[in-house]
Amino acid sequence: MEFTLGQLAALLGGTVEGDLSQKVNRLDKIQEGKTGGISFLSNEKYEPFLYETQATAVIVSEGFVPNRTFSTTLIRVKDAYLGFTTLLEAYAQFSKNALSGVEEPSFLGTGSTMGDQGYRGAFSYIGKNCIIGNHVKIHPHAYIGDRVRIGDHTIIHSGAKICADTVVGSNCEIHPGAVIGADGFGFAPQPDGTYKGIPQIGNVILEDFVSIGANTTIDCATMGSTIIKKGAKIDNQVQIAHNVIIGENTVIAAQAGISGSTEIGANCVIAGKAGIVGHIKIADKTTIGANTGISKSIKNSGQTLFGYMAMDMKEFLKSYTHFKNLDQLAQRIKELEKKG
Amino acid sequence: MEFTLGQLAALLGGTVEGDLSQKVNRLDKIQEGKTGGISFLSNEKYEPFLYETQATAVIVSEGFVPNRTFSTTLIRVKDAYLGFTTLLEAYAQFSKNALSGVEEPSFLGTGSTMGDQGYRGAFSYIGKNCIIGNHVKIHPHAYIGDRVRIGDHTIIHSGAKICADTVVGSNCEIHPGAVIGADGFGFAPQPDGTYKGIPQIGNVILEDFVSIGANTTIDCATMGSTIIKKGAKIDNQVQIAHNVIIGENTVIAAQAGISGSTEIGANCVIAGKAGIVGHIKIADKTTIGANTGISKSIKNSGQTLFGYMAMDMKEFLKSYTHFKNLDQLAQRIKELEKKG
Amino acid sequence: MEFTLGQLAALLGGTVEGDLSQKVNRLDKIQEGKTGGISFLSNEKYEPFLYETQATAVIVSEGFVPNRTFSTTLIRVKDAYLGFTTLLEAYAQFSKNALSGVEEPSFLGTGSTMGDQGYRGAFSYIGKNCIIGNHVKIHPHAYIGDRVRIGDHTIIHSGAKICADTVVGSNCEIHPGAVIGADGFGFAPQPDGTYKGIPQIGNVILEDFVSIGANTTIDCATMGSTIIKKGAKIDNQVQIAHNVIIGENTVIAAQAGISGSTEIGANCVIAGKAGIVGHIKIADKTTIGANTGISKSIKNSGQTLFGYMAMDMKEFLKSYTHFKNLDQLAQRIKELEKKG
């Protein structure tokens with residue numbers, strides 16, 4: 001993907017102050033710019049880098065007036081930051097759509113269909129009776145079990161595993177190594193101390209615009225469905241157990257874990273390493289801090305919770321301040337006892 | 001897999017109150033029943049759903065008397081719950097055994113043998129000199145290293161990695177993305193601040209009836225074996241370090257971690273995100289709460305432990321109640337000091 | 001790999017007290033020695049096992065005088081422990097280098113080159129325009145994206161995923177299922193409550209002698225690079241977010257997590273399950289205890305930190321001792337109040 005500065009200026013509605021035929025193929029930070037890269041200057045703090053950068057071009061805002069000499073070429077646009085963002089998105093969009101066709105060997109089970117403009121990488125596996133939409137990109141080593149449905153414009157990255165009967169919406173992105181729809185962890189204790197597996201015959205439903213991080217695991221329901229609702233974004237190494245429901249636009253950071261049958265509301269923010277027990281409900285717009293443990297339902301929306309056993313965040317921090325000084329507190333009690 | 005109601009009634013020793021030739025191909029929750037599904041009604045709380053369900057059939061107990069009209073077909077058995085469980089297990093068993101034969105391309109190393117009734121999915125890899133039992137199902141993208149042995153009726157799911165020299169018992173199930181037998185984390189600090197890898201030449205032994213969750217990692221021993229004993233059930237994203245021993249019928253929930261050379265007893269229950277340091281022993285029948293940290297051996301069996309640094313669970317909860325009120329406690333000390 | 005005792009004695013500069021033509025193919029613990037294995041006796045605590053071991057041979061130090069009969073064959077060397085270590089390293093080195101050539105089917109994209117003495121396992125995938133050094137071993141199911149560079153003597157294990165544009169140094173080892181260079185977790189909240197993905201166009205750089213554990217995830221930078229510096233050793237299931245920098249010779253144990261843009265110094269030791277927030281700096285030679293939460297920059301090097309919200313380790317343990325007795329402390333306050 002190589003573009004001339006002239007092409008980029010046209011895309012951004014800007015003007016090139018120099019040679020329009022120079023080519024760039026990469027977006028660089030201004031402080032790390034090298035030949036072939038294009039950067040931007042928005043925050044004046046970074047202005048000194050403009051005079052030193054080796055980037056081929058730098059996007060600047062209309063009003064910018066340089067006060068020293070420089071060797072890069074300026075592209076002037078209305079707002080440098082917005083211009084660069086536009087470029088960034090165009091670049092990302094282009095990268096995603098660049099792949100198409102089928103690399104061999106790949107495996108497509110009987111009865112499975114794939115829409116137009118798709119990509120199936122080498123060693124990708126699609127089971128039987130799957131229905132896969134248009135513009136779907138299935139990367140190398142991805143595994144799609146039997147009867148899976150996948151909506152348009154969804155990307156399944158390398159080595160992601162979408163188990164049988166999973167339903168994936170449109171515009172989803174499943175990152176490498178994620179496992180969607182493996183058996184839930186259900187075992188019934190027997191009188192002799194052994195455990196007997198409880199069949200897990202449900203599935204997982206990912207609605208539209210869902211993102212699932214690398215090596216995250218989402219188990220299928222015992223019966224019915226584990227559901228990740230529209231627009232939810234889930235980071236790497238998150239564990240979501242059977243029959244969990246995650247609300248719309250809820251964000252879950254890395255290494256968090258949600259136990260079975262718990263229902264998380266919409267627009268929640270769950271920080272990294274948080275743990276939530278099973279069979280509870282979390283109200284909409286709840287914010288849960290890093291490494292926080294939640295053992296009870298949260299009924300009122302809009303709260304911010306934190307702590308080993310979750311409390312209101314401010315209250316926890318107050319208690320923790322005293323915890324840090326517990327030795328002094330204990331000394332003071334001793335003093336009082338002496339006096340008494 | 002499609003069955004007539006007549007076939008199912010015969011399997012369950014029950015009677016169909018309606019058309020025996022109707023077909024079902026799915027088990028549904030009664031409140032989510034749709035055409036082609038079969039549900040059950042056991043808990044009377046769910047009776048209202050019977051009158052509305054669109055499931056093709058519902059299993060009910062002998063004595064059940066409906067008090068309204070309904071459109072589904074009843075199958076009457078002695079005990080609806082047991083009947084459904086029977087169906088569930090038959091279904092699960094059938095699903096597991098349905099796969100057989102070899103999909104191509106797949107890779108079988110020289111000197112490796114595979115028993116009868118097995119399945120090798122496309123892109124599965126089996127190294128050299130492996131001995132694999134009967135009825136073993138090796139799903140697509142599974143990796144089996146050199147000299148691995150696998151017992152009868154074991155299932156290796158998609159993308160699971162069983163490294164060289166691992167021994168897997170019979171009736172085990174290894175879920176997608178699990179890594180069994182990668183190198184333990186052993187590095188010797190050198191005088192110049194660098195680290196030198198200590199060769200990890202041991203293996204992992206999984207005994208019979210062991211279940212390993214998706215993306216769980218179990219490292220090989222430095223020398224000798226990391227051992228997961230008979231009937232142990234391990235959830236997703238659990239980390240088990242080199243030379244650990246997990247006792248019979250011990251259950252470990254998601255995201256727990258066990259450090260090197262620790263020995264866990266039999267019939268323990270370890271909840272999600274618990275962390276256990278290395279080189280200690282945990283007595284049989286120990287229960288360890290979620291996110292609990294264990295830094296010392298547990299010598300007496302039957303205890304329930306909880307907390308950031310584990311305590312008896314009741315004691316921890318008592319202390320935590322005071323922690324929540326530490327600000328008030330500190331105020332009370334201040335008051336006493338004023339008086340004094 | 002089978003060797004005669006004569007060959008091994010030659011390697012170790014020792015002498016065989018028995019039949020030089022006996023063969024061994026395995027290193028055993030002395031207490032678990034079986035025919036075909038070679039063990040060592042260094043610590044006198046283990047001497048009793050010498051008289052019972054079924055190992056074919058045992059390495060002993062020059063001065064060792066047995067006081068009972070035994071059936072194994074002794075190999076006498078200057079120092080038994082060093083001798084065994086030499087053997088261990090030779091064995092590990094040999095194992096690593098044993099693989100070479102190409103197993104089919106495998107995929108090598110256009111414009112990609114691979115050096116001498118390499119190995120590409122069946123179902124391994126290498127994208128376009130990759131530059132791969134000499135003696136590089138790429139195991140089955142490994143995924144290498146476009147434009148990746150890999151230095152000499154590096155090992156990419158089964159199912160590891162090295163995403164596009166990643167740079168991997170020489171003498172690195174990437175364990176099974178690790179994901180290097182997946183998208184960072186960056187989403188911008190929109191006025192309507194939805195999130196819009198922020199393109200992640202940077203890469204990951206692993207310098208020389210870096211080790212990455214099984215199922216660990218290291219995200220690519222938003223722009224620029226996520227960097228793991230020379231000699232850093234990272235265990236299983238560690239999460240490293242976008243734009244993080246890990247210093248030279250820093251060691252990170254399993255299930256730890258580092259949030260975005262944080263910079264960890266050199267020669268740090270980070271224990272299992274520790275969590276570090278984003279956008280901070282950790283000084284060189286910092287030790288961070290298991291399950292510790294770090295929310296602020298650590299400016300002075302050489303500290304040891306521990307706790308739910310990190311404190312000096314000794315201070316935390318002091319406070320935690322009082323926490324355990326908070327109920328008694330509260331009782332004592334009550335008593336004082338009664339008296340007052």
Side-chain angles (χ1 to χ4, degrees), chain B residues 105 107 123-125 127 141 143 145 159 161 163-164 177-179 182-183 185 187 189 192-195 197-202 215-217 219 223-225 237 239 241 255 257 259 273 275 277 291 293 295 308-309 311 315-316 318-323 325-326 329 332-333 335-336 339-340, chain C residues 26-29 31-32 85 88-89 91-93 95 103-105 121-123 139-141 157-159 173 175-177 209 211 213-215 230-231 233-237 248-249 251 253-255 266-267 271-273 290-291 307-308 317 320 323-327 329-330 333-334 336-337 340:
Chain B
F107 188 96
F123 315 125
S124 63
Y125 181 96
H141 304 121
Y143 168 82
K161 291 139 201 98
C163 299
V179 176
D183 279 358
F185 192 62
F187 294 94
D192 64 352
T194 64
Y195 288 86
I198 297 165
Q200 305 287 314
I201 64 164
N215 284 353
T216 279
T217 51
D219 282 350
M223 284 186 70
S225 300
Q237 295 189 39
Q239 151 72 0
Q255 297 180 321
S259 302
K273 287 184 179 291
V277 302
N291 208 4
S295 57
Y308 185 75
M309 294 177 74
M311 295 166 58
E315 293 299 317
F316 181 86
K318 218 184 269 178
S319 282
Y320 205 83
T321 303
H322 293 299
F323 170 83
N325 296 314
L326 264 184
L329 229 55
R332 285 161 61 192
I333 294 170
E335 288 299 319
L336 286 164
K339 284 182 189 169
Chain C
R26 209 179 52 243
L27 303 170
D28 283 347
K29 289 184 184 173
Q31 64 271 43
E32 296 170 356
T85 304
L88 202 58
E89 283 169 4
Y91 179 95
Q93 205 55 43
S95 302
E103 293 171 354
E104 294 295 353
F123 315 126
H139 286 252
H141 304 122
H157 283 279
S158 172
E173 187 157 7
H175 289 92
F209 294 98
S211 178
N215 285 352
K230 193 174 168 183
K233 310 294 183 188
I234 296 174
D235 198 357
N236 298 346
Q237 296 190 39
E248 286 193 18
N249 302 319
V251 172
Q255 297 181 321
N267 295 93
K273 287 185 178 292
N291 208 5
Y308 184 76
L317 295 176
Y320 204 83
F323 170 83
K324 286 184 174 180
N325 296 315
L326 263 184
D327 197 45
L329 229 55
I333 294 171
K334 211 180 250 178
L336 286 164
E337 285 169 337

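Chain letters run A, B, ... following the sequence lines, proteins first, then strands; residues in each count from 1. Everything numeric in this text was worked out from a predicted model, so none of it was measured.
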(request) Select one option (side chain, backbone, both, neither) describing which atoms of C:F323 are under 4.5 Å from chain B's heavy atoms. (result) both
(message) How long is the straight-line distance from CG of B:N291 back to CG of C:N291, given to the nearest 0.5 Å?
(response) 5.5 Å
(request) Say whether, by atom type as modelled, one donor and one acceptor occur between the side chain of C:N215 and the main chain of B:G177 under 3.5 angstrom. (result) yes
(request) Count the heavy-atom pairs under 4.5 Å between each of C:S158, C:A253, C:A214 and chain B, then report the option with the highest count. (result) C:S158
(message) Using a 4.5 angstrom heavy-atom cutoff, name the option from B:P105, B:A182, B:G275, B:P189 with the most pairs to chain C.
(response) B:P105
(request) Mind ranking C:G121, C:G307, C:G272, C:G159 by heavy-atom pairs under 4.5 Å with chain B and telling me who comes out on top? (result) C:G307
(request) Give, for atom NZ of C:K324 and atom CE of B:M309, the distance between the pair rounded to the nearest 0.5 Å. (result) 6.0 Å
(message) Need one label for B:Y125: side chain, backbone, both or neither, based on atoms under 4.5 Å from any heavy atom in chain C.
(response) both
(message) To check you understand the geometry: which heavy-atom pair defines the closest contact between C:Q255 and B:Q255, and what is its length?
(response) NE2-O, 3.5 Å
(message) If I measure from the heavy atoms of chain B, does C:S211 come under 4.5 Å with its side chain, its backbone, both, or neither?
(response) side chain
(message) With rounding to the nearest 0.5 angstrom, report the OH to CD1 distance, C:Y91 to B:I201.
(response) 6.0 Å
(request) Please examine the side chains of B:Q239 and C:D235, heavy atoms only from C-beta on, and report whether any two atoms are closer than 4.5 Å. (result) yes
(request) Answer with side chain, backbone, both or neither: which region of C:Y308 has an atom nearer than 4.5 Å to a non-hydrogen atom of chain B? (result) both
(request) Look up atom NE2 in C:H139 and atom OH in B:Y143, then write down how far apart they are to the nearest 0.5 Å. (result) 6.5 Å
(request) Let me know if C:E104 has heavy atoms under 4.5 Å from chain B in its side chain, its backbone, both or neither. (result) backbone
(request) Just say parallel, tilted or perpendicular for the rings of B:H141 and C:H141, cut-offs at 30° and 60°. (result) perpendicular
(request) Report the distance from atom CG of C:D327 to atom NZ of B:K318, rounding to the nearest 0.5 Å. (result) 5.0 Å
(request) Hey, could you give me the CG/CG distance between B:N325 and C:L326, rounded to the nearest 0.5 Å? (result) 10.5 Å
(request) Would you name the heavy atoms of B:S124 and C:F123 that are closest together and state the gap between them? (result) O-CE1, 3.3 Å
(request) With a 4.5 angstrom heavy-atom cut-off, could you sort out which part of C:N267 is near chain B: side chain, backbone, both or neither? (result) side chain
(request) Heavy atoms only: give me the nearest C:A330-B:H322 pair and the separation to one decimal. (result) CB-CE1, 3.5 Å
(request) Mind ranking C:Q237, C:H175, C:Q31, C:K29 by heavy-atom pairs under 4.5 Å with chain B and telling me who comes out on top? (result) C:Q237
(message) Heavy-atom cut-off 4.5 Å, strictly under: side chain, backbone, both or neither for B:S259 against chain C?
(response) neither
(request) List the steps and the verdict of side-chain contact (heavy atoms from CB on, under 4.5 Å) for C:H157 and B:V179. (result) CA-CA 11 Å; C:H157 283 279; B:V179 176; over 6 Å; no
(message) Please classify the contact between C:L329 and chain B as side chain, backbone, both or neither, with a heavy-atom cut-off of under 4.5 Å.
(response) neither
(request) Tell me, for C:A290 versus chain B, whether the close heavy atoms (under 4.5 Å) come from the side chain, the backbone, both or neither. (result) backbone
(message) Please find the pair of heavy atoms, one from B:Y195 and one from C:N249, that lie closest to each other, and give the distance.
(response) CE1-O, 3.4 Å
(request) Under 4.5 Å heavy-atom distance to chain B, tell me which part of C:P176 shows up: side chain, backbone, both or neither. (result) both
(request) Looking only at non-hydrogen atoms, find the nearest pair between C:A122 and B:F107 and report the distance. (result) CB-CD1, 3.6 Å
